[in-house]
Amino acid sequence: MTRVTTAGLCIGRTRERSKFLAFVDDAPSGAGADVCFVRGLGGIGKTTLSQTLADDFLGAGVSAVVSQIDCASLPAEPSISAILRALPTDPERERPLRDAALLLDRIGAAVRTAPGPIDADRAERDLWHRARSATAAGLTFFTSAAAEQQAFGQLATSAQPAILASAQAAAAAMNAAVQIITELHRDGKISEAEREAGLDPDDFVVSTLAQYLAPRGSDSRHLIAFDKAENLVGSAPRLIELFDRAASRAGVKLTLLFAGRVSTLLATDGSLLSASEFLRGLPRGGLDLDLPPFDADEVRELVAARHEVFHGTREVPPVWMAEAIVTLSGGLPLWAASIAETLMQQPQPWLDAGRVEEALRTDSVDSEGLVERIFRGATLPDGTSAYPLLIALAISPDDCPRDVVCTSAGASATALSALQDRYSFMRGPRLHDTARVALRQSITAGGTAQNSIVEIAERLRDWVEDTKPSGSPHDGGDDWTRYCERAVAVELWISADDGARLAVDYALTGLPWAAPWVGPLFRDAAWMIERRSISRRTREAVSLAARAAFPLLIAEALSNSERESKSVIGPVIDKTMGSAVMEASLGRCLDGLHRLKERGSLALSTDAIVSLDCLRASWLEHNGFTDEAFELCLDCAPRANTYGTDATVRRTLGRAMRSLLETHVQRASRMDGSERQATEEQVDRLLGALLQVSPGQAAAALRATVSDFGLSPSRRAVLEELLTVRRASAADQQLAAELAGFLLILGDFSRAEQVAREALSFDPEWLRGAYLQARSLMCLRRDDEANAIIRSAAHRAETAANRGELTQVGLESREGLHTLGLLLDLFSDRSPTTQPAGFYGQIVATLFADSDPAVQQALDPATDSGAILREVDYSAEACIAYSRVGDTPNATRSARIWSDVLSRDADDRALEQRLLEAADRQFELPTEVREVLGLDS
Amino acid sequence: MIRLDRRFLAEVGLGRLPDNLGEIAAAGFYAVLEHRVGLRLAAGLDDEVLADFEEIAKRGDDEAGMRWFEEHVPDYRDTVAEEFALLRSRLAAAHPWLLAASGS
């Protein structure tokens, strides 16, 4: 167990220490967890008191164990597996903790990579992949309703009231979690132990923690101290609940101590509570230690203690000096101690009252000057200045290794530990958070970069460049997020101008897909821009890019952690992007950035230029500037193709190109002669380019093109090329669905069946694929095979529907499968065993029903079915209906329309032909009708 | 009554934002508020109760919607007020860099 030694570190706070010991002694009898908060301003001494309370706990005369966790070393709102790994212990107890954390992570990873849900197309699938990712995160985090909603909140859209969206998402995700884990176990991808842990992670975690807390030897009490607990505002209540259950199960009296800036907590029911309200609501109560600033007596104690550290003897300063320090520091122990330390170059500095008074004069020292004086005066034990190392600590990224920080400042690796021993503004090998903020503000106060700071930052930049991921930012991923943020942060210290331009470059690059680094980059760049002067051109570029990305800046402003930021970006974008206000603003900003680039005023990387052009093409297309969009799309396509097929920038351009192509097709329908021919040529050029950018979009666009312009040799070549591409990416469901649908229309049923079948082999649950394969087989008159597919898929769809798992496209596919099942029954002259689904299914069922009046009613022009049966597209169905009610003239007329109008899709005609044959077998169509339809032959 | 107007923007330090950015800030604020309130209100309700609300929402019956809120989440105003205060404080804290970044 980790034991802390803080004797002598803590000054004053006697009242708080007494309260804490009384709280521990008077805690309710019986096993369970008691909770204490140590709260207050930054620099008030929370960490120091927390460590002292841990010592007091150990020294209270009762055998006890203390464990401490520095939450600053964990991500914000850490996963439960991260907490398990962070719990300090002996090797014997460490193993089960690590095994449990590994198991939770393994289940999370298995869920994250599990095959997609029962669904219909790629777009809808993307949503569910996000749900599964969130499920995976939830498994390693918490399973309570509140936490799940935090995790799954990203699914909520503001297109509908969030209350519904979030509830549906949470319910669906809870079902999804159980389903995914059960399926993974059934498929042998996770063990029985993992299945049990995954289905009830709460119980699994409680068992693990109980094992960890189980008393050994004479240990009868356990304290776990969480420092920097502001990282746990959302998760502390859940942690407390789990630890309380674990302590009860282990029969241990546990004290949980949370030290940090904890003012409000997110309770497990989702409500926000103040810390004191939260403690009052706990069954066993709690202790709230809200620390006040020091008074002059406590500062005298503090100075005496610092004197002992520097000179080996404890010397108490006079009251006047303590009062002056209180005035200057506001009674915050961090600054009071730091001010005292600046005076400790010689023993008993107050003997030279003039020097001390000069140093502590408040009328000549502003806060930044004071901070600079504190840090500039800091020295290492050999008397050399510690200032360069403190600068390196202040400006280096949080995750920069400490040896790199030391090297960048030209300091030895041991310098950090020496600083830690001497100065109160150090917290371990880092600066105290409050001190770091103050130093960063202080060194930017001058408005221009100092050479010493630039040199340190340049060395840090070497490290940043060593961590640069391979590929391009368009690949996305956490590595690129970390790199972009580090690179800009360090560059800003070298040159505010260069750093701001780098921020613009990376922000533009990630803008097409709302990359997670966009908001943070503007936040960091703006912080520096506020303090340092930059060129007018750079300021203009930052302003234009920030305005183009303004919704992402708002999302960043309204979230307080990376996790939360991800959950709010979706609603903000849904609400703002696409609005008339944003559209107008976006157009101006993108044009402005383009002009700056063209004039040579803004140097952008190739990655950023591709993103900018894709965004401009999309905007131009969306706002009706089709000629400009056309040229830009063709120009941009080859450059976008240099990125991976999954790169979002290609999707952005692909959507714009498809939409542009469809607009051209629509326009051409109102043209003739050379004008139409010219537009057709433009469409073919776009189609060729789109084929390279996004085969899925090209397949959809090909369909639109052929329906208006016909299947020319060049378009047939595009089709064959798409089929070749499809073979290389047979699992691409969007492409497979588009191609199979298109081949069905063309009447190439064999290849349609093959495309659907091969895509289904990668995901047998894919409902739309099952529908397309079954439809192809029915057109080929291979009814037995179609029947097997329909029954199996329909069963899966029903089961899924009961779990609320089907998306809108999935529901449509389920309806289509039901209709195909109904047709199969009719083709086989069986009474329908499938309930009719959808409007078309109901009409067909009526046409073959026993009741003639029902058919008569279906033909009533006042009804929806009557109106439909008068349309050309439903002439086969109308022919059957009129035949059944004895209206031979209209039946013959409908039959003639069906025979003569050949523009219908080939698969529709094939199935209608079979429907007419079935009707003839069952009801014997009139002779005139049979002749028109050629049924005799 | 929550009003996300120029006065609100001025109170959080964003009064200098041009109209279009102000509108986007307000719309984004509203989206996050709606999202967070929705999450919290849905937390304690079972599927059946939520299904009732879904039906009411589909019908667009505002009066029935208000009755539903009063019956099932009578303290919803407190929830909205708490979330509003939290987000308002975050936006106010971020106003210097939002203005600096956008050049306002």
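All chains are named by letter (A, B, ...) in the order of the sequence lines, taking the proteins before the strands, and each is independently numbered beginning at 1.
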Which region of B:L14, side chain (C-beta onward) or backbone (N, CA, C, O), has a non-hydrogen atom less than 4.5 Å from a non-hydrogen atom of chain A, or is it both or neither?
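Neither part.
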Honestly, the part of B:S89 sitting under 4.5 Å from a heavy atom of chain A is neither
Report the option among B:G103, B:P96, B:P18 that has the most heavy-atom pairs separated by less than 4.5 Å from atoms of chain A.
B:P96
Leading residue by heavy atom contact count with chain A [cutoff under 4.5 Å; candidates B:D19, B:L98, B:L99, B:L21]
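It is B:L21.
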How are the rings of B:F84 and B:F29 set to each other: parallel, tilted or perpendicular (split at 30° and 60°)?
perpendicular
Is it true that atom CZ of B:R6 has more than 12 heavy atoms of other residues, nucleotides or ligands lying nearer than 6.0 Å?
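For B:R6, atom CZ is crowded (more than 12 foreign heavy atoms under 6.0 Å).
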Before giving the answer on ring-ring contact (aromatic ring centres under 6.0 Å, His included), spell out for A:F522 and A:F550 the whole-Å C-alpha distance, their side-chain angles and the decisive distance to 0.1 Å.
CA-CA 10 Å; A:F522 281 114; A:F550 204 63; 9.5 Å; no
Which atoms of A:T576 approach chain B - backbone, side chain, both or neither, heavy atom under 4.5 Å
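Only the side chain of A:T576 comes within 4.5 Å of chain B.
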Tell me which one of A:L544, A:D497, A:I529 satisfies side chain to side chain contact (heavy atoms under 4.5 Å, CB included) with A:R539.
A:I529
For the interface with chain B, which of A:V542, A:L553, A:D524 has the highest count of heavy-atom pairs at distances below 4.5 Å?
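When all of A:V542, A:L553, A:D524 are compared, A:L553 has the most.
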So is A:R531 actually on top of A:W527's ring, under 6.0 Å and inside 45° of the axis?
yes
